[in-house]
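For reference, positions follow the sequence shown, starting with 1. Model, not experiment: these values are computed from the prediction.
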Amino acid sequence: MALIYFRCIRMNRLFPHPSSPFTKKSSVLFCTLQASHAQVTTQVENLQNQSKQKEKLIQTATKKTLEHHKHGYEAIIGIETHVQLYTLTKAFCSCPYLYGSRPNTTICPICMGLPGTLPVLNSKVVEFAVKLGLALNCELSMNSKFDRKQYFYPDLPKGYQISQFDVPIATKGFIDLDLPVEFGGGHRRFGITRIHMEEDAGKLLHSEAGSYSQVDLNRAGVPLLEIVSEPDMRSGLEAAEYAAELQRLVRYLGVSNGNMQEGSLRCDVNISVRPIGQSQFGTKVEIKNMNSFSAMNRAIDYEISRQVLLHSEGQNDQIVQETRLWDEAAQKTFTMRKKEGLADYRYFPEPDLPEVVLTKGFVDEIRQSLPELPEAKRRRYEKMGLSMQDVLFLANDNSVADFFDAAVENGAEEKLAANWIMGDIAAYLKNERLTIDEIKLTPKELSELIAFIKNGTISGKIGKEILFELISKGGTVKSLIEEKDLVQIVDPATIEALVDKVLAANPKQLQQYRGGKTKLQGFFAGQVMKESKGKANPMLLNKILTEKLNAGG
C-alpha cells in the first residue's frame, strides 16, 4: 500500500516564510499528489458539462417523482460536527494557527510528525471542552484519555490522529432549539452522544485542472472538539437548525468563531431511510462538503429522496455505507469513497500523553463562568412579551442581544427597541456589511431616541433621520435635536396657520377635494409637512387639516 502511494507522490521544496523556525537548509516539504486520468474525469465534472436548462428540467421531474414516493418512509439523521477551537496555539505544540497564512509557514517538527518529537497538551483545549460539555448538558468524564486513530492520508503527516475513542471527555447531553416561524416554528430537543478532543489534519490544495494536489500542513495539529449527535433529526431543516444552534452556542461561549467558510465549523451528516414503523436502522450514508446551513438542508433532503426512491423501487441493496459529496452546482450528492469502519482505524491508547484528570473545583469554576446561553436568552425574551420572530432574531447574535439588553436597561420599551434593531438598524448593517459592534450608535442613545419620539419631542420621521446620523457619525440625540432645530411643533395655532397657508396656495386642489376627490388630503398633509420642515406633529396636523378641508363642504 505504502509503495503504491509513494509512486504517485512527487516532492517539491517550498521555502518557508522568513519568520518560520525552518531555514532554507531545512526547507519545508510540499507534497504534490499526481492524480490519474480516471480521477480527473469525475462524475461531478460530467454533471457540470450539462446545460443548466436540462439540469433544471431533470431536477424538477426527479423532485416530483421523489415526493410521490416519500410517503411511508422516515429519515434518520445524525451529525458529527467538528469545531475548531479559538486558542492561541495548536493542541500539542506552540505553533499559532492563522487562517489564510502562506502554506507551511506555521508549522514545527511536532505538528509535522517528525521522529523523536513529543506532544504537550494545551490546557485551554481541556477548558473549552469542559465549557462546551456543560453548555450541552453533558456528563463529564473526570478521567479521560487520548488515543491514536490510525489512517493514511496525504495531509496527515504522522499517519495517525490524536483523538479520544472509548473514554471521551463528555457524554449523554442534549441541545434545545426553536425552529424558524416561517417553517412552522416549534421547540425541539436533540440528544448529544459525545464530545471528544482531537487534532486536525492538514489541508489539500487541489489544482484547477484536478491533475494534482498540494499539501499544506498549517492546519495540522489545530485543536478540535467533535460533537456527535444522537440520530434524532428527521429532515434537512431540523439538521440545519441543529448545526446553526451549535454555531450560535460556540460563539456565545467564545470557544470558536464558528465560521463555516474558514472551516472552523464543519458538519458531516449521516442519513439512513427506513419504512415507518420499522425499528431497525437502514444503511447510513455520510455527506460532506456542505459550506452553509442552506446547502446542508438541500443536501440532506436530496439524499433522503434518493434513498427513498431506491427503497420504493426495490433497489435498497444499492444503498451502501459510503461517503458522498454535495455538488452545489448540480444540487446532487455523488460518491466520494466507501466508508471505513471502526476496525480500520485500529485505535489504541496514546502512549505519549498522560490521562486527563478534572477536579470538581475546576469544573465548578468553569460552570460559574458560563454566560447566558441562547436557549435561556430566548426564554427570557419570550417572558418580555416579544414575538417568536423577535426572539429568534435578537438571540441569534450575541452582540445584537447585548445591544438590545443594554437599550432596555437604559429605559427603552422592549418591543420598540426590538423594532428599531430589527428594522432600520438591521437594514443599515446589511447594506453596509457591518456588525452592530462597528456602528457609532450606542444602546443609550437608541433608548433616548425612543423616549424623545414617545413623548412627542420629535416625530418618527425625524427620528429615522437622527438614527442614521447617530449610526454613521455618533453624537447624542439631544445635541442633534438642538443643533438642527428638530423639536416637533405641537402648538395648534402654529399648525393651523401652516394649514391655512397651504390651502390658500392650492385653491384648485381644494376645490377638487370638496368635489369628492378626498385622496388629495395626503397631498395637503405633505405640503404642510414641507412647510414645517417635517416638524409638525402628524396626529395634530391631520386633525386640523380634516376640520379645515371639510369646513366648506
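A side-chain donor from one of E198 and H196 sits under 3.5 Å from a side-chain acceptor of the other. Between the side chains of Q161 and R148, no donor-acceptor pair is found at a separation under 3.5 Å. Side-chain contact annotation: Q368 with E365, donor-acceptor N/O pair under 3.5 Å absent. Side-chain atoms of E286 and T323 form a donor-acceptor pair, as typed in the model, at a separation below 3.5 Å. Under the 3.5 Å distance criterion, with hydrogens and angles disregarded, a donor-acceptor pair is assigned to the side chains of T193 and E230. No side-chain donor from either of N259 and S264 sits under 3.5 Å from a side-chain acceptor of the other.
For residues 399-423, the set of pairs meeting the ring-ring contact (aromatic ring centres under 6.0 Å, His included) definition, not counting sequence neighbours, comprises Y381-F404. Every pair passing salt bridge (charged side-chain N to carboxylate O under 4.0 Å, His left out) that includes a residue from residues 183-192 is listed here, sequence neighbours excluded: D176-R189, R188-E238. Among residue pairs with one or both ends in residues 251-266, those qualifying as salt bridge (charged side-chain N to carboxylate O under 4.0 Å, His left out) are D200-R266; sequence neighbours excluded. Applying the salt bridge (charged side-chain N to carboxylate O under 4.0 Å, His left out) test to pairs two or more places apart or on separate chains, those with a residue in residues 269-279 are E74-R274.
Aromatic ring orientation, Y73 versus H311: tilted (interplanar angle from 30° to 60°).
Atoms CG and CZ, from L325 and F334 in turn, are 4.5 Å apart once rounded to the nearest 0.5 Å. Interatomic distance, S101 OG to I107 CD1, rounded to the nearest 0.5 Å: 11.5 Å. Distance check: N270 CG to I77 CD1 gives 10.5 Å after rounding to the nearest 0.5 Å. Rounding to the nearest 0.5 Å gives a distance of 9.5 Å between CE of M142 and CZ of F362. The line from CG of N398 to NZ of K377 is 5.5 Å long, rounded to the nearest 0.5 Å.
In this view, D437 satisfies the salt bridge (Lys or Arg N to Asp or Glu O under 4.0 Å) rule with no residue, not counting sequence neighbours. With sequence neighbours excluded, the residues satisfying salt bridge (Lys or Arg N to Asp or Glu O under 4.0 Å) with R379 are D178, E375, E382. Here L370 pairs with K131, L134, L253 under the side chain to side chain contact (heavy atoms under 4.5 Å, CB included) rule; sequence neighbours left out. Listed by chain and residue number, K473, L480, K484 satisfy the side chain to side chain contact (heavy atoms under 4.5 Å, CB included) test with E469 (two or more places apart in sequence, or in another chain). Taking the salt bridge (Lys or Arg N to Asp or Glu O under 4.0 Å) definition, one finds that K415 meets it with D390, sequence neighbours left out. For the salt bridge (Lys or Arg N to Asp or Glu O under 4.0 Å) test, residues two or more places apart in sequence or in another chain that qualify with K454 are E413.
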Residues C138, I195; criterion side-chain contact (heavy atoms from CB on, under 4.5 Å); working and verdict: CA-CA 9 Å; C138 291; I195 301 172; 3.9 Å; yes

Check step by step if salt bridge (Lys or Arg N to Asp or Glu O under 4.0 Å) holds for R337 and E322. CA-CA 6 Å; R337 64 170 182 265; E322 62 177 346; over 6 Å; no

Kindly determine whether I169 and Q164 satisfy side-chain contact (heavy atoms from CB on, under 4.5 Å), including the steps that lead there. CA-CA 8 Å; I169 196 163; Q164 290 189 300; 3.9 Å; yes

For W326 and R298: C-alpha separation, side-chain torsions, deciding distance, then whether side-chain contact (heavy atoms from CB on, under 4.5 Å) applies. CA-CA 9 Å; W326 172 245; R298 285 179 276 116; 4.0 Å; yes

side-chain hydrogen bond (donor to acceptor under 3.5 Å, both in side chains) assessment of N122 paired with T89: CA-CA 8 Å; N122 183 343; T89 58; 3.2 Å; yes

Which is it for D268 and K288 under the salt bridge (Lys or Arg N to Asp or Glu O under 4.0 Å) test, yes or no, and what are the steps along the way? CA-CA 5 Å; D268 300 333; K288 290 179 179 285; 2.9 Å; yes

List the steps, then state whether side-chain contact (heavy atoms from CB on, under 4.5 Å) holds for C111 with F92. CA-CA 8 Å; C111 48; F92 303 110; over 6 Å; no

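Residue L386 comes nearest to A418 through the heavy atom pair CD2-CB, 4.2 Å, listed as atom of the first residue, atom of the second, then distance. Of all non-hydrogen atoms in F293 and M260, the two that sit nearest each other are CE2-SD, 3.5 Å. The two residues L434 and E438 have their closest heavy-atom pair at CA-OE1, 3.3 Å. Nearest approach of D424 to K464, heavy atoms of both residues: OD2-CE, 3.5 Å. Minimum interatomic distance between T333 and A299 (heavy atoms only, all atoms of both residues): CG2-O, 4.2 Å. Heavy atoms only, all atoms of each residue included: P231 and I76 are closest at CB-CG2, 3.5 Å.
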Return all side-chain donor-acceptor pairs below 3.5 angstrom for residues 442-453, not counting sequence neighbours, or 'none' if the list is empty.
| residue | atom | partner | partner atom | Å |
| --- | --- | --- | --- | --- |
| T442 | OG1 | E445 | N | 3.2 |
| E445 | OE1 | V477 | N | 2.9 |
| S447 | OG | K444 | O | 2.6 |

Under 3.5 Å, sequence neighbours excluded: what are the donor-acceptor pairs made by side chains of residues 243-250?
| residue | atom | partner | partner atom | Å |
| --- | --- | --- | --- | --- |
| E245 | OE1 | R248 | NH1 | 2.3 |
| E245 | OE1 | R378 | NH1 | 3.1 |
| E245 | OE2 | R378 | NH1 | 3.3 |
| E245 | OE2 | R378 | NH2 | 2.9 |
| Q247 | NE2 | G258 | O | 2.8 |
| R248 | NE | N396 | OD1 | 2.9 |
| R248 | NH2 | N396 | OD1 | 3.1 |

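Relative to the ring axis of Y345, K149 places its NZ or CZ within 45° and under 6.0 Å from the centre.
Ion pairing between R380 and E372 holds under the 4.0 Å rule for side-chain N and carboxylate O. Contact check on K332 versus D327 returns no salt bridge, with no Lys/Arg side-chain nitrogen under 4.0 Å from an Asp/Glu carboxylate oxygen. The existence of a salt bridge linking E355 and K145 is excluded, since no basic side-chain nitrogen approaches an acidic carboxylate oxygen closer than 4.0 Å.
Side-chain N or O atoms of K90 include one that pairs as donor or acceptor with a backbone N or O of A220 at under 3.5 Å. In this structure, the side chain of N137 does not engage the main chain of G173 through any donor-acceptor pair within 3.5 Å. Not a single donor-acceptor pair under 3.5 Å links the side chain of T87 to the backbone N or O of K124. Not one N or O on the side chain of E482 forms a donor-acceptor pair closer than 3.5 Å with the backbone of S479.
Taking the six-membered ring wherever Trp is involved, the centroid distance between the rings of Y86 and Y97 does not fall below 6.0 Å.
Counting only heavy atoms from C-beta outward, the side chains of Y252 and P374 approach each other to under 4.5 Å. When side chains are defined from C-beta on, V356 does not count as touching N143, because their heavy atoms never get closer than 4.5 Å.
More than 12 heavy atoms of other residues, nucleotides or ligands lie within 6.0 Å of CD in E182, so this atom counts as buried by the packing criterion.
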